[in-house]
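A short worksheet on the structure shown next.
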Amino acid sequence: MGKVYGVELARFRQLCQSSTSCASWGHRCPHGGHFIQYVLLSYRSLTLYPAINLIHISYGFPFGQGSDHKDAYQVILDGVKGGPKEKRLAAQFIPKFFSSFPELADAAINAQLDLCEDEDVSIRRQAIKELPRFATGENILRVADILTQLLQTDDTAEFNQVNAALISIFKIDAKGTLGGLFSQILQGEDIVRERAIKFLSGKLKTLPEDVMTKEVEEYVFAETKKVLEDVTGEEFVLLMRLVSGLRVLQTVHGRQQLVELVVEQAFLEQALNPADPDTVDRLLQCTRQALPLFSVSRTNVDFTFVSLFHMLTSPMAELDIQLEVLKLLAEMSPFCGDMDKLEANLNMLFTKLLEFMPLPPEEVENGENSTSEEPKLQFSYVECLLFSFHQLGKKLPDFLLDKVDAERLKDFKIRLQYFARGLQVYIRQLRVALQGKTGDALKTEENKIKVVALKITNNINVLIKDLFHNPPSYKSTVTLSWKPVQKTEAVAPKRLAAEELGSGGSTKKQISPLPRRDARQIYNPPSGKYSASIGNFTYGEDHYFSIHQRSMKDICHC
């Protein structure tokens with residue numbers, strides 16, 4: 001190879017073999033006097049490929065701040081054009097002396113980026129691992145941008161390496177790192193955008209307060225609002241999860257800002273078109289995200305409640321959508337304030353409730369039903385509607401007495417009575433079926449259905465009893481059947497007497513706090529599970545439901 005920057009190779013080897021320090025070179029040693037030993041060990045591990053030798057010899061120069069050995073550093077940069085061994089060495093040495101050559105910064109970053117895109121995954125991983133060493137000063141944004149693009153890799157180990165590198169540069173400059181991430185979210189390819197959003201949603205909450213300062217969190221919120229101007233449903237959920245966890249938004253004012261953000265996203269100020277699936281899905285997604293916020297900030301709760309209810313009053317093809325809407329209304333109802341149109345909204349709820357509470361079938365002289373078609377008792381729908389009506393009724397307790405005419409009130413009580421009498425028999429059957437079952441026995445699919453069915457029917461029974469008081473009472477509290485409950489609430493410890501049936505839910509319980517949407521629940525009934533015909537029954541004292549004719553799975557349409 002001839003001379004290497006004024007030092008002949010033979011002389012270099014002689015120095016390596018005879019010296020234990022750099023004194024004979026006449027240069028300042030950056031390795032504490034053991035540089036020659038280090039190079040000797042490295043040299044012995046090499047093959048005779050000239051390029052590798054050249055890189056190692058170039059590395060042997062005592063680089064330091066203000067060093068003039070740009071040509072030697074250039075040799076290392078040129079290593080990215082060599083074979084696999086040269087590239088692995090370059091991946092280590094380029095960042096090693098990057099800070100010593102600011103005038104070659106762009107060339108160095110580009111060289112390292114080439115290695116990050118190499119066909120050899122081991123070379124890519126090594127290059128990615130070293131990328132945080134380039135994250136200084138103005139380079140932080142560029143490095144963050146590069147790492148964000150590298151999130152699109154399908155190699156698991158490489159993907160984890162990119163995540164670790166991003167976390168590393170967050171601790172160097174959080175705001176600069178966020179700038180690179182949000183730049184790709186707003187302008188990058190779909191796969192990069194998707195994975196960058198997931199990274200922020202999952203990793204930001206793990207960073208300490210000294211990294212996620214108030215200024216940084218405010219920057220996250222401001223940039224997230226830009227992204228929310230055009231998002232998919234999944235992206236909206238992830239971004240709301242991200243901003244909801246920011247410490248700067250945990251105040252009442254912060255929660256109000258989040259609710260307003262959701263309202264803007266739902267386009268509530270625009271005319272609602274229930275026939276448009278995208279509009280319906282957008283409103284439902286936004287309401288789900290807003291629910292945990294309503295307990296702190298009641299801003300726009302009434303507005304959202306009314307918007308959802310207007311969706312119910314319009315014809316919809318699928319009852320499952322109605323059930324989803326009714327569940328959201330029920331969860332929102334405790335937080336509704338004194339609505340401007342409370343009476344009108346109660347009247348709409350009352351009318352909707354009547355639709356799901358059938359009249360008893362007419363009887364002919366021999367006591368048999370005059371029609372062969374049996375009424376459908378849709379427990380899931382009735383639970384939601386009764387709960388919402390009960391919650392809003394607290395704000396206007398005289399509604400049933402003063403705002404509903406006598407004939408309509410009489411019709412309502414007949415329906416309530418019919419529903420309640422059938423409910424008692426159904427509760428008895430469920431309690432008998434679950435008597436003595438614990439542990440694994442309750443985890444079977446059929447018993448899970450029975451447990452939730454018992455919770456629903458108990459809730460309805462408690463609410464109906466309140467409405468039968470004279471005047472109607474709104475004092476009882478129940479926990480909605482799809483919310484997390486204690487196992488002891490699911491099954492009675494012993495079989496109750498006939499007069500006690502259905503009273504299990506009347507015990508006063510505190511309303512459990514609103515759970516996170518991703519919180520684990522014991523069981524969440526699929527839409528329509530309990531909304532089918534209960535079975536053949538006779539409108540008499542002793543036998544409302546011929547449950548023995550059908551399995552519980554058939555009854556619940558599972």
- [ ] Using atom types as modelled and distance alone, determine if a side-chain donor or acceptor of Thr177 lies under 3.5 Å from a backbone N or O of Asp173.
- [x] yes

TODO: Examine the side chains of Glu383 and Trp482 and answer whether a donor and an acceptor come within less than 3.5 Å of each other.
DONE: no

Task: Phe97-Tyr73 aromatic ring centre distance below 6.0 Å - done: no

Open item on the list: Quick check against the 3.5 Å criterion: does Thr206 have a side-chain atom that pairs as donor or acceptor with the backbone of Lys203?
Closed with: yes

- [ ] Find out whether Glu194 and Lys198 are in side-chain contact, i.e. whether some heavy atom of one side chain is under 4.5 Å from a heavy atom of the other.
- [x] yes

Open item on the list: Would the distance check show the side chain of Ser333 and the main-chain N or O of Ala330 forming a donor-acceptor pair, the cut-off being under 3.5 Å?
Closed with: yes

TODO: Just jot down the side chain to side chain contact (heavy atoms under 4.5 Å, CB included) partners of Ile172, sequence neighbours excluded, or say none.
DONE: Ala135, Ile169

Task: Heavy atoms of other groups near Asp190 CG, more than 12 under 6.0 Å - done: no

Task: Whether Tyr219 and Phe182 hold their rings parallel, tilted or perpendicular, with breakpoints at 30° and 60° - done: perpendicular

Task: Partner set under side chain to side chain contact (heavy atoms under 4.5 Å, CB included) for Arg133, not counting sequence neighbours - done: Pro95, Lys96, Glu130

TODO: Mind checking side chain to side chain contact (heavy atoms under 4.5 Å, CB included) for Gln92 and listing every partner two or more places apart, or none if nothing turns up?
DONE: Gln126

- [ ] Please lay out, stage by stage, how Asp155 and Arg125 fare under the test salt bridge (Lys or Arg N to Asp or Glu O under 4.0 Å).
- [x] CA-CA 10 Å; Asp155 181 86; Arg125 290 178 194 167; 3.2 Å; yes

Open item on the list: Any non-hydrogen side-chain atom of Leu131 less than 4.5 Å from a side-chain atom of Ile109?
Closed with: no

Open item on the list: Between Glu235 and Arg193, is there a side-chain heavy-atom distance shorter than 4.5 Å?
Closed with: yes

Task: Set of residues satisfying salt bridge (charged side-chain N to carboxylate O under 4.0 Å, His left out) with respect to Lys175, sequence neighbours excluded - done: Glu215

Task: Donor on one side chain, acceptor on other, Gln250 and Arg255, under 3.5 Å - done: yes

TODO: Return the set of residues passing ring pair (Phe, Tyr, Trp, His ring centres under 6.0 Å) with Phe236 (not counting sequence neighbours), or none when no residue passes.
DONE: none

Task: Distance-only polar pair, side chains of Thr148 and Asp145, donor-acceptor under 3.5 Å - done: no

Open item on the list: When you compare the side chain of Gln152 with that of Phe159, does any pair of heavy atoms fall below 4.5 Å?
Closed with: no

Task: Validation row: Phe387, Leu329 side chains within 4.5 angstrom (heavy atoms) - done: no

Task: pair Asn139-Phe98: side-chain heavy atoms closer than 4.5 Å - done: yes

Task: Gap separating the CD atom of Gln161 from the OG atom of Ser168, nearest 0.5 angstrom - done: 9.0 Å

Task: CE-CG distance between Met212 and Leu178, expressed to the nearest 0.5 angstrom - done: 6.0 Å

TODO: Taking the side chain as every heavy atom from C-beta outward, state whether Leu151 and Asn163 have any atom pair closer than 4.5 Å.
DONE: yes

Task: Carboxylate-amine/guanidinium contact Lys226 Glu223, below 4.0 Å - done: yes

TODO: For the residue pair Val243 and Leu249, establish whether any side-chain heavy-atom pair is separated by less than 4.5 Å.
DONE: yes

Task: Residue from Leu200, Leu204, Val220 passing side-chain contact (heavy atoms from CB on, under 4.5 Å) with Leu181 - done: Leu200

Side chains of residues 111-124: which donor-acceptor partners sit under 3.5 Å, not counting sequence neighbours?
{"unit_1": "Gln112", "atom_1": "NE2", "unit_2": "Ala91", "atom_2": "O", "d": "3.3"}
{"unit_1": "Gln112", "atom_1": "NE2", "unit_2": "Ala127", "atom_2": "O", "d": "3.3"}
{"unit_1": "Asp118", "atom_1": "OD1", "unit_2": "Lys87", "atom_2": "NZ", "d": "2.7"}
{"unit_1": "Asp118", "atom_1": "OD2", "unit_2": "Asp120", "atom_2": "N", "d": "2.9"}
{"unit_1": "Asp120", "atom_1": "OD1", "unit_2": "Ser122", "atom_2": "N", "d": "2.9"}
{"unit_1": "Asp120", "atom_1": "OD1", "unit_2": "Ser122", "atom_2": "OG", "d": "2.6"}
{"unit_1": "Asp120", "atom_1": "OD2", "unit_2": "Arg88", "atom_2": "NH2", "d": "3.2"}
{"unit_1": "Arg124", "atom_1": "NE", "unit_2": "Glu158", "atom_2": "OE1", "d": "3.1"}
{"unit_1": "Arg124", "atom_1": "NE", "unit_2": "Glu158", "atom_2": "OE2", "d": "3.1"}
{"unit_1": "Arg124", "atom_1": "NH1", "unit_2": "Asp118", "atom_2": "O", "d": "2.8"}
{"unit_1": "Arg124", "atom_1": "NH1", "unit_2": "Glu119", "atom_2": "O", "d": "3.2"}
{"unit_1": "Arg124", "atom_1": "NH2", "unit_2": "Glu158", "atom_2": "OE1", "d": "2.9"}

TODO: State whether Lys448 and Asp440 are salt-bridged, where the test is any N-O pair (Lys NZ or Arg NE/NH1/NH2 against Asp/Glu carboxylate O) under 4.0 Å.
DONE: no

